[in-house]
Amino acid sequence: MKQHLTGNEAFARGAWEAGVAAAFGYPGTPSTEILENLVKYPDVYCEWSPNEKVALESAAGAAIGGIRSLVTMKCVGLNVASDPMMTLSYTGIVAGMVILVADDPGQHSSQTEQDTRHYARLAKLPVLEPGSAIECRSFMIKAFEISERYRCPVIVRSTTCVSHSRFSVETAERQPRERIPFVKNPSQFVPLPLWGRTLRRKVEERMCRQAVDSSADTELNTIFRRGADLGIVSSGMVALECAEEFPEASVLKLGWAWPFPDELLRTFAASCKRIAVIEEGDPILEEHIRSLGIACHGKDVTPRCGELTPEVVASIHAALDGRPFQPPKPVDEAADLPSRPPMLCAGCPHRALFYALAQFDVIVTGDIGCYSLGVFPPLERTDLLICMGGGFTLAHGMQKAGETRPVVGIVGDSTFFHSGITGLLNLVYNKGNATLIVSDNRTTAMTGHQDHPGTGRTLMGEATLAADIEAIARACGMKRVRTVNPFDLKAMHEVLKEELTCGEPSLIISRAPCILKEKTAVKPALAINAEKCRNCKSCLKLGCPALETPDIKAKPIINAQLCTGCGMCSAVCPFKAIS
Amino acid sequence: MIQNILLCGVGGQGILLAAKVIAAAAVKSGFEVTTNEIHGMAQRGGSVTAFVRYGDTVFSPLFRAGDADVIASMEAIEALRYAHWLRPGGLAAVSRQRLIPVTVSSGKAKYPADADERLAKVFPRLEYIDCHVEAKKLGDARMANIILLGALSRGLDGIPSPVWEEAIRACVKPQFVEGNLAAFRFGRKE
């Protein structure tokens, strides 16, 4: 049967067909929808773990426990999960295990542009790179076969474009699998140095066998055989773009991208006069091909940064042909168009918190989530941001550096459970006095409202214990814990005033639900009384998308379609013109 | 034969449903079909685009600027932003709706007062429709995207009217089918 599926839907379908019995992950664009789709299938246990490390370890336990398991994450999630992955490569697994990592070339929604193939090399694990939703399904199934053939996890690397593009995908039925009972074997599964050295040698042998097997694998590595003047070596969706852009050239599309299929690369290179390696990201394949003694084009004509879109591939084509390349430029009539930066939604509780913080002269260390948008004007209340959980720990370090202004560290609720707790524990233990804030909107909002340990619901849809942020903080030794509704501007201002100057560790929980999730919290739209309005523009300092002024001289109006009736603008209006 | 469509607008305007209907209609017509959606940071108010391609053989879901057979925009000036994606002779279907960006409200930028003139100048083949007003007349302002879909369908080859209507039936809830079919026919001028 054919279905029109996104890459992420096809990954879920392939995993289900392959008999996956357990799947784990932490939400992260562009990987999130894989588990959201997989959980809809029968006979597969799925969970959102608090972070990627927990997810990968749980998937490892499941695979060693004898069932096929899947773990999903975005590129930066693998930074968090890399520790167990390195050792798991040594111990190996029993039933098949796939580590699905979605990279984000072009940084559509990521702080860095990472190439997961580096991790594959570091961990000495095979990596498959599908280029279309059709391959997302079939490569997932193959990945489990390869995993069991070598008894090691297999990395499947997606990209934003692969995960979010739809193709017509031929699907099949599920192949159920029996659990393989666990047999104790410490020399395999307890890598003390004594045994670890033996395992280390086995990993190297395994890679040699994989290089031979991938050379012979014509299902994963395919050739578009055309002319012999130019041969292109590529992978993923970029290889498909090359097949379209270069009708005159032969294209070797590597689906099993590492360990490199040396024999195949040599044979293909020998069949073409000239070789060009067109790869997104770092020149990993190019450097290896050169090391085989094969001359090739690569990063001399290909950008290192950003997505290799069809336009970029066309520019590479022109460079290889020695032609100039002039893509169409935006029209003159678009030169002065106003930009549309992403922003906090109308009725977003983060806005209320940032507005309150804007009344104080503070340093704010932020974190990953919708609230990272607090950096933009007019609120401009984020000064430093690195990674998940960093909101708390950066504040601690900044305060220890002797910063004279109060330092405020912000994390979200899902981020608190991901990796905020250890930072809070450290701040108390090491006698820091930064002010910590959990901007708690009761969901993982940025990625589309996934549950987390604090929501009281699992990915399987069951009610469960809702972890208590206040109680966790107190158990870590935090004595000052205040919970405030940020829409109560007065109360929030008072609490901030007290906590910013208290001189000891302090946690504020700024709690109000995400307005997109809690539709019941939406109230009737407000309106501005034009007679009372003096056009002071106090309300515009909120940066609310529902407040519009088509012309800066005009009085603002409220877009009733966007307004959620949160009342922030009414509260800040000095002339009581909004109700 | 291959047809390239670029849909643009602002988050929450329903361009993803329009992409879904085009894809369904093209699949029913026996073509290879791909779509790609770029959500930006998924927040309301940001620019959103979707690519749809169909034809005898489609390798990649993306295409180059200058290669779109049709661009359709749910917001007036967003069409100008992506105008260079349209091939010479291609059709632009544009909604008259204006959404004021926060950069304008904060006084940092201006919404062009001459958007109508600019659109007329940039697009020789322009379907410029007050989609929300017309959709409201037909019973529901939320069908604005389907009016635009009808308009853009005039610039595409290989999909007959009955197949478009079949695709709409397959993509919207039963109680909204008749209204959306009326909206589609209005946009398609049938």
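Only heavy atoms go into these numbers, but all of them, side chains included; no hydrogens, no water, no symmetry mates. Just so we're clear, the structure is a prediction, and the values are computed from it rather than from any experiment. In what follows, every chain begins at residue 1, and chains take the letters A, B, ... in the order their sequences are listed.
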Colleague: Tell me, for A:Pro327 versus chain B, whether the close heavy atoms (under 4.5 Å) come from the side chain, the backbone, both or neither.
Modeller: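 Contact with chain B is absent: no heavy atom of A:Pro327 under 4.5 Å.
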
Colleague: Check step by step if side-chain hydrogen bond (donor to acceptor under 3.5 Å, both in side chains) holds for A:Ser235 and A:Glu129.
Modeller: CA-CA 7 Å; A:Ser235 63; A:Glu129 282 193 74; 3.2 Å; yes

Colleague: With a 4.5 angstrom heavy-atom cut-off, which part of B:Val122 approaches chain A: side chain, backbone, both or neither?
Modeller: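 The side chain, not the backbone.
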
Colleague: Is it true that B:Thr34 and A:Ser165 share a donor-acceptor pair across their side chains at a distance under 3.5 Å?
Modeller: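 Short answer, no.
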
Colleague: Scan side-chain atoms only and decide if B:Ser161 and B:Glu190 contain a donor-acceptor pair under the 3.5 Å cut-off.
Modeller: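 Short answer, yes.
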
Colleague: Side chain, backbone, both or neither: which part of B:Leu99 has a non-hydrogen atom closer than 4.5 Å to chain A?
Modeller: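 Interface part for B:Leu99: both.
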
Colleague: Examine whether an atom of A:Pro377 lies under 4.5 Å from a heavy atom of chain B, and if so say whether it belongs to the side chain, the backbone or both; otherwise answer neither.
Modeller: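 Contact with chain B is through the side chain of A:Pro377 alone.
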
Colleague: Quick check for you: to the nearest 0.5 Å, what is the distance between B:Lys137 atom NZ and B:Ile147 atom CD1?
Modeller: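 Answer rounded to 0.5 Å: 9.5 Å.
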
Colleague: Checking heavy atoms, do the side chain of A:Ser132, its backbone, both or neither come under 4.5 Å from chain B?
Modeller: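 Contact with chain B is absent: no heavy atom of A:Ser132 under 4.5 Å.
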
Colleague: Can you tell me how far CD of A:Gln111 sits from OG of A:Ser372, rounded to the nearest 0.5 angstrom?
Modeller: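 It is 9.0 Å, given to the nearest 0.5 Å.
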
Colleague: Is it the case that more than 12 heavy atoms not belonging to A:Gln326 sit under 6.0 Å from its CD atom?
Modeller: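 It does not: A:Gln326 CD has 12 such atoms or fewer within range.
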
Colleague: Which region of A:Cys161, side chain (C-beta onward) or backbone (N, CA, C, O), has a non-hydrogen atom less than 4.5 Å from a non-hydrogen atom of chain B, or is it both or neither?
Modeller: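 Its backbone and side chain both get close to chain B.
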
Colleague: Check each atom of B:Val33 against the heavy atoms of chain A and say whether the ones under 4.5 Å are side chain, backbone, both or neither.
Modeller: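 Both parts, backbone and side chain.
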
Colleague: For A:Glu170, is there any backbone N or O sitting under 3.5 Å from a side-chain donor or acceptor partner on A:Arg137?
Modeller: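 Judged by distance alone, yes, a pair lies under 3.5 Å.
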
Colleague: Heavy-atom distance under 4.5 Å to chain B: side chain of A:Asp332, backbone, both or neither?
Modeller: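 Looking at A:Asp332, nothing touches chain B.
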
Colleague: Could you please spell out the steps behind the salt bridge (charged side-chain N to carboxylate O under 4.0 Å, His left out) verdict for A:Lys553 and A:Asp551?
Modeller: CA-CA 5 Å; A:Lys553 289 181 204 125; A:Asp551 173 351; 5.1 Å; no

Colleague: Highest number of heavy-atom pairs under 4.5 Å with chain B: which of A:Ala334, A:Ala335, A:Pro310?
Modeller: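 Of A:Ala334, A:Ala335, A:Pro310, A:Pro310 has the most heavy-atom pairs under 4.5 Å with chain B.
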
Colleague: Given the options A:Pro550, A:Ala239, A:Ser339, which has more heavy-atom pairs under 4.5 Å with chain B than any of the others?
Modeller: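 The option with the most such pairs is A:Ser339.
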
Colleague: In terms of heavy-atom pairs under 4.5 Å with chain B, which of A:His4, A:Glu311, A:Arg166 leads?
Modeller: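 It is A:Arg166.
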
Colleague: Check A:Asp336 with B:Arg118, please: is the shortest side-chain N to carboxylate O separation under 4.0 Å?
Modeller: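 A salt bridge is present here (some side-chain N lies under 4.0 Å from a carboxylate O).
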
Colleague: Mark yes when over 12 heavy atoms from residues, nucleotides or ligands other than A:Arg226 sit less than 6.0 Å from its CZ; otherwise mark no.
Modeller: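 Enclosed: over 12 neighbouring heavy atoms sit under 6.0 Å from CZ of A:Arg226.
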
Colleague: B:Glu78 versus chain A, heavy atoms under 4.5 Å apart: side chain, backbone, both or neither?
Modeller: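 Side chain only.
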
Colleague: Using non-hydrogen atoms and a 4.5 Å limit, figure out which bit of B:Lys20 sits close to chain A: side chain, backbone, both or neither.
Modeller: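 No part of it gets close to chain A.
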
Colleague: Please classify the contact of A:Leu547 with chain B as side chain, backbone, both or neither, using a heavy-atom distance under 4.5 Å.
Modeller: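 For A:Leu547, the backbone is the part near chain B, not the side chain.
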
Colleague: Using heavy-atom distances under 4.5 Å, tell me whether A:Pro556 contacts chain B through its side chain, its backbone, both, or neither.
Modeller: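 Contact with chain B is absent: no heavy atom of A:Pro556 under 4.5 Å.
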
Colleague: Below 4.5 Å, heavy-atom pairs only: which of B:Ala24, B:Ala83, B:Pro101, B:Ala109 has the largest tally toward chain A?
Modeller: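 Ranked by heavy-atom pairs under 4.5 Å with chain A, first place is B:Pro101.
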
Colleague: Do you see a donor-acceptor pair shorter than 3.5 Å between the side chains of A:Asn441 and A:Tyr371?
Modeller: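 On atom types as modelled, these side chains do not qualify, holding no pair under 3.5 Å.
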
Colleague: Can you tell me which portion of B:Arg53 sits under 4.5 Å from chain A's heavy atoms? Options are side chain, backbone, both or neither.
Modeller: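 Answer is side chain: those atoms of B:Arg53 sit under 4.5 Å from chain A.
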
